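Notes follow the structure.
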Amino acid sequence: MIGQVGLGRLALSCCLLTGIHSASAQAAPVSTPIVLTTELSTELKQLGLMTAAVPVVAFSWVIEQKRPMRASRRISEEFSAAPDGMSQVRSTTHLADDTVQNRDYVSARGLLRFDASDKKAGVQLENFSLPLQAGQVFRLSLSRDDIPMNQSCRVADRQPAQQLHVGIRGSVWRLECQGDSRYAGMKVRIQSVLYFIEALGVFFNEQDDLFSPLGQFTMSQRILDFKFSSTP
């Protein structure tokens with residue numbers, strides 16, 4: 001579940017670089033808010049992602065992403081507070097060749113990312129609702145980097161949030177997802193581990209394992225730095 005989704009983008013494009021910097025110093029707030037289309041907002045509400053039941057607080061973090069056969073990269077992001085879960089985000093990606101990429105987008109709880117041109121979510125969710133509950137099962141279908149993915153996700157258990165970063169308080173829900181896809185004409189199996197961070201109101205995709213006839217490939221990410229933008 002790490003990467004980008006068709007029209008909408010899978011928000012937590014997995015993985016980063018070297019060097020730890022202050023999250024708040026890496027990404028400035030979005031200057032001009034991005035307005036989602038009415039069509040997209042309606043779809044996100046129907047999917048259960050856009051809801052006032054679980055707000056998103058303002059925070060910033062630095063994430064390191066590791067991907068197969070690619071250099072790691074570091075991504076700094078600053079999330080605005082969002083009562084409905086749709087945060088304005090300023091993202092700065094630091095690549096291994098010292099290239100820096102800046103981007104503003106709207107995050108749907110850290111799971112999907114959109115800009116003003118997007119009209120469809122590019123994802124299907126079945127039996128999904130917030131707040132999460134232990135044992136809850138839902139289905140997720142999307143396209144990442146033009147690769148179709150279908151997964152069944154189960155809310156496993158609640159764990160201390162500090163295992164992701166010492167600066168995050170409270171608890172997280174651990175989600176275990178598994179499913180299948182096709183890549184280069186081959187059928188592949190996918191297993192993912194995500195966390196829903198209760199204090200933030202967002203998902204964090206920790207690891208994806210892809211099992212194919214060519215072997216196992218792992219994509220992972222970790223939080224290097226974290227800071228609440230204001231007292232939550």
Side-chain angles (χ1 to χ4, degrees), residues 1-3 10-30 48-66 72-94 105-113 128-134 136 153-177 192-208 218-232:
M1 293 174 68
I2 302 168
L10 201 65
L12 292 178
S13 308
C14 179
C15 321
L16 327 315
L17 282 210
T18 56
I20 301 176
H21 297 74
S22 169
S24 58
Q26 293 298 307
V30 177
L49 290 170
M50 189 173 182
T51 172
V54 181
V56 173
V57 302
F59 69 93
S60 55
W61 59 16
V62 178
I63 300 172
E64 182 186 47
Q65 297 183 341
K66 294 183 178 180
S72 62
R73 61 185 180 183
R74 178 169 48 85
I75 300 176
S76 305
E77 296 183 311
E78 184 164 346
F79 285 65
S80 69
D84 61 0
M86 303 296 110
S87 299
Q88 302 285 328
V89 178
R90 167 64 56 86
S91 178
T92 301
T93 300
H94 304 262
Y105 66 89
V106 173
S107 168
R109 302 193 177 280
L111 187 63
L112 302 169
R113 58 177 57 168
F128 175 83
S129 63
L130 291 173
L132 297 178
Q133 298 180 5
Q136 181 177 341
C153 299
R154 182 179 69 88
V155 180
D157 57 2
R158 184 184 264 125
Q159 301 177 2
Q162 287 191 334
Q163 70 182 28
L164 296 181
H165 190 277
V166 294
I168 306 177
R169 68 180 192 202
S171 301
V172 296
W173 284 106
R174 176 185 167 92
L175 289 84
E176 299 171 347
C177 302
S192 303
V193 175
L194 298 88
Y195 292 92
F196 184 77
I197 306 173
E198 291 185 309
L200 307 183
V202 302
F203 290 90
F204 179 74
N205 192 170
E206 182 181 60
Q207 182 167 313
D208 289 338
T218 297
M219 297 170 283
S220 64
Q221 61 181 16
R222 64 191 178 108
I223 302 172
L224 300 179
D225 195 16
F226 173 85
K227 181 181 178 180
F228 284 110
S229 297
S230 59
T231 303

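In this chain, numbering begins with 1 at the start of the sequence shown. This one's a predicted model, so the numbers in the text were calculated from it and none came from an experiment.
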- Could you go step by step and tell me if V166 and F226 meet the side chain to side chain contact (heavy atoms under 4.5 Å, CB included) rule? CA-CA 8 Å; V166 294; F226 173 85; over 6 Å; no
- Message: Test side chain to side chain contact (heavy atoms under 4.5 Å, CB included) on V89 and V106; report intermediate values, then the result.
- Response: CA-CA 6 Å; V89 178; V106 173; over 6 Å; no
- Is the closest basic N to carboxylate O distance between E198 and R169 below 4.0 Å? no
- Without swapping roles, check the side chain of T51 against the backbone of A53 for a donor-acceptor pair under 3.5 Å. yes
- Task: Would you sort out whether F203 and F196 count as a ring pair (Phe, Tyr, Trp, His ring centres under 6.0 Å), showing the intermediate values?
- Result: CA-CA 4 Å; F203 290 90; F196 184 77; 4.8 Å; yes
- Query: Any sub-3.5 Å donor-acceptor pair from Q207's side-chain atoms to Q221's backbone N or O?
  - Reply: no
- Message: For a 4.5 angstrom cut-off between non-hydrogen side-chain atoms, does S60 reach K227?
- Response: yes
- Query: Counting only N and O atoms by type, is there a donor-acceptor contact under 3.5 Å from the side chain of E176 to the main-chain atoms of L194?
  - Reply: no
- Query: Do L224 and W61 pass the side chain to side chain contact (heavy atoms under 4.5 Å, CB included) test, and can you show the C-alpha distance, the side-chain angles, and the key distance before you say yes or no?
  - Reply: CA-CA 7 Å; L224 300 179; W61 59 16; over 6 Å; no
- Message: Could you check whether any side-chain N or O of R109 sits under 3.5 Å from a backbone N or O of G201, counting only pairs where one atom can act as donor and the other as acceptor?
- Response: yes
- Step-by-step ring pair (Phe, Tyr, Trp, His ring centres under 6.0 Å) determination, F79 to F59: CA-CA 5 Å; F79 285 65; F59 69 93; 4.5 Å; yes
- Do H94 and S76 pass the side chain to side chain contact (heavy atoms under 4.5 Å, CB included) test, and can you show the C-alpha distance, the side-chain angles, and the key distance before you say yes or no? CA-CA 8 Å; H94 304 262; S76 305; 4.0 Å; yes
- Is a donor on one side and an acceptor on the other found under 3.5 Å between the side chain of S80 and the backbone of Q88? yes
- Query: Between CG of N205 and CG of L111, what distance do you get to the nearest 0.5 Å?
  - Reply: 8.0 Å
